[in-house]
Amino acid sequence: MTINIKINGTVHTVDADGDTPLLWVLRDVLGMTGTKFGCGAGLCGACTVHLDGQAVRACQTPIDSVGESSITTIEAIGETPQGKALQQSWIDLDVPQCGYCQSGQIMSAAALLAATPKPTDADIDAAMSGNVCRCGTYQRIRAAIHRATA
Ligand code: FES
C-alpha cells in the first residue's frame, strides 16, 4: 500500500505493507540509517525516534499507525534546541565508545529535556532506562545530559 509519512518536516510517500515497522522504512526504504537496529524487539532503545515529540521505538511502530503524526529522527534532532545542546555536550564529554546505541540515547535524552528542562539524576535514570549501552557509557550520558541543561 502507499502511505504518506512526515519525517523531519518532509512528507515521504512510501510503498510498504501497513504492518512494516517504521525502522525498516527509515533505514531500508528511505536510507536514513542514523536510526539503528539493535534488538528489533523493543528492548534496547537503539531505534528510538520521536513521534510528535514523544520517544518511541521505531522497531515497534507499524508504519500504518503513524498517520498524520510528525516523526523526528537523529538526522534532524540537532535542529531543536535540546538536540543541538545534547549533541554538543556528547562531543564535549566524548560520550560514545562504540557509538552504536548513541542515536537512540540522544533521542531519548532530547525527549526528556523537552518535557523536563532541568532533570534530576532520578529523572534521567527513569527516562533513559530503556536505552541499553553495551559499552557502559551511562555515567558519561548522565553527565552530558546535565551539561546540556547548563
Ligand atoms: Fe528497537 Fe531494540 S531495535 S528497541
Side-chain angles (χ1 to χ4, degrees), residues 1 3-80 82-87 89-91 93-116 119 121-146 148:
M1 63 189 287
I3 300 174
N4 292 326
I5 49 173
K6 189 174 183 183
I7 304 170
N8 299 334
T10 300
V11 176
H12 296 264
T13 301
V14 299
D15 188 14
D17 291 339
D19 61 356
T20 305
L22 173 60
L23 179 60
W24 271 244
V25 172
L26 290 172
R27 292 182 55 84
D28 295 345
V29 178
L30 299 174
M32 301 174 74
T33 55
T35 306
K36 301 303 184 193
F37 172 86
C39 65
L43 301 172
C44 75
C47 67
T48 303
V49 298
H50 291 185
L51 193 68
D52 288 338
Q54 302 295 312
V56 299
R57 304 289 187 253
C59 74
Q60 300 296 299
T61 304
I63 193 69
D64 65 1
S65 73
V66 173
E68 302 289 313
S69 296
S70 292
I71 298 159
T72 305
T73 70
I74 190 68
E75 282 86 355
I77 198 64
E79 296 170 15
T80 69
Q82 297 86 11
K84 184 176 182 184
L86 285 163
Q87 288 181 331
S89 64
W90 246 246
I91 292 167
L93 296 185
D94 221 358
V95 171
Q97 189 163 315
C98 88
Y100 195 82
C101 70
Q102 300 292 333
S103 299
Q105 302 280 1
I106 287 176
M107 295 305 290
S108 288
L112 167 65
L113 293 189
T116 308
D121 283 350
D123 293 332
I124 292 171
D125 290 348
M128 304 301 293
S129 63
N131 288 81
V132 177
C133 173
R134 66 183 177 183
C135 306
T137 62
Y138 301 110
Q139 296 303 320
R140 290 204 297 278
I141 287 170
R142 184 195 278 180
I145 292 171
H146 281 305

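Counting starts at 1 for both ligands and their atoms, following the listed order. One is the number of the first residue; the rest follow in order along the sequence.
- Not one N or O on the side chain of T137 forms a donor-acceptor pair closer than 3.5 Å with the backbone of R140.
- Remark: T33 pairs with R27 by the side chain to side chain contact (heavy atoms under 4.5 Å, CB included) rule, at least two apart or across chains.
- Within the structure, every pair that satisfies the side chain to side chain donor-acceptor pair (under 3.5 Å) test and touches residues 50-63, not counting sequence neighbours, is listed here: T48-R57, D52-S69.
- Using modelled atom types and a 3.5 Å distance limit, the side chains of T72 and E79 yield no donor-acceptor pair.
- In this structure, the side chains of C133 and Q105 come closer than 4.5 Å at one or more pairs of heavy atoms.
- Within the structure, side chain to side chain donor-acceptor pair (under 3.5 Å) pairs that include any residue of residues 122-136 comprise S108-N131, T120-D123, D125-R142 (at least two apart or interchain).
- The number of protein N, O or S atoms lying under 2.8 Å from atom 1 (Fe) of ligand 1 is 2.
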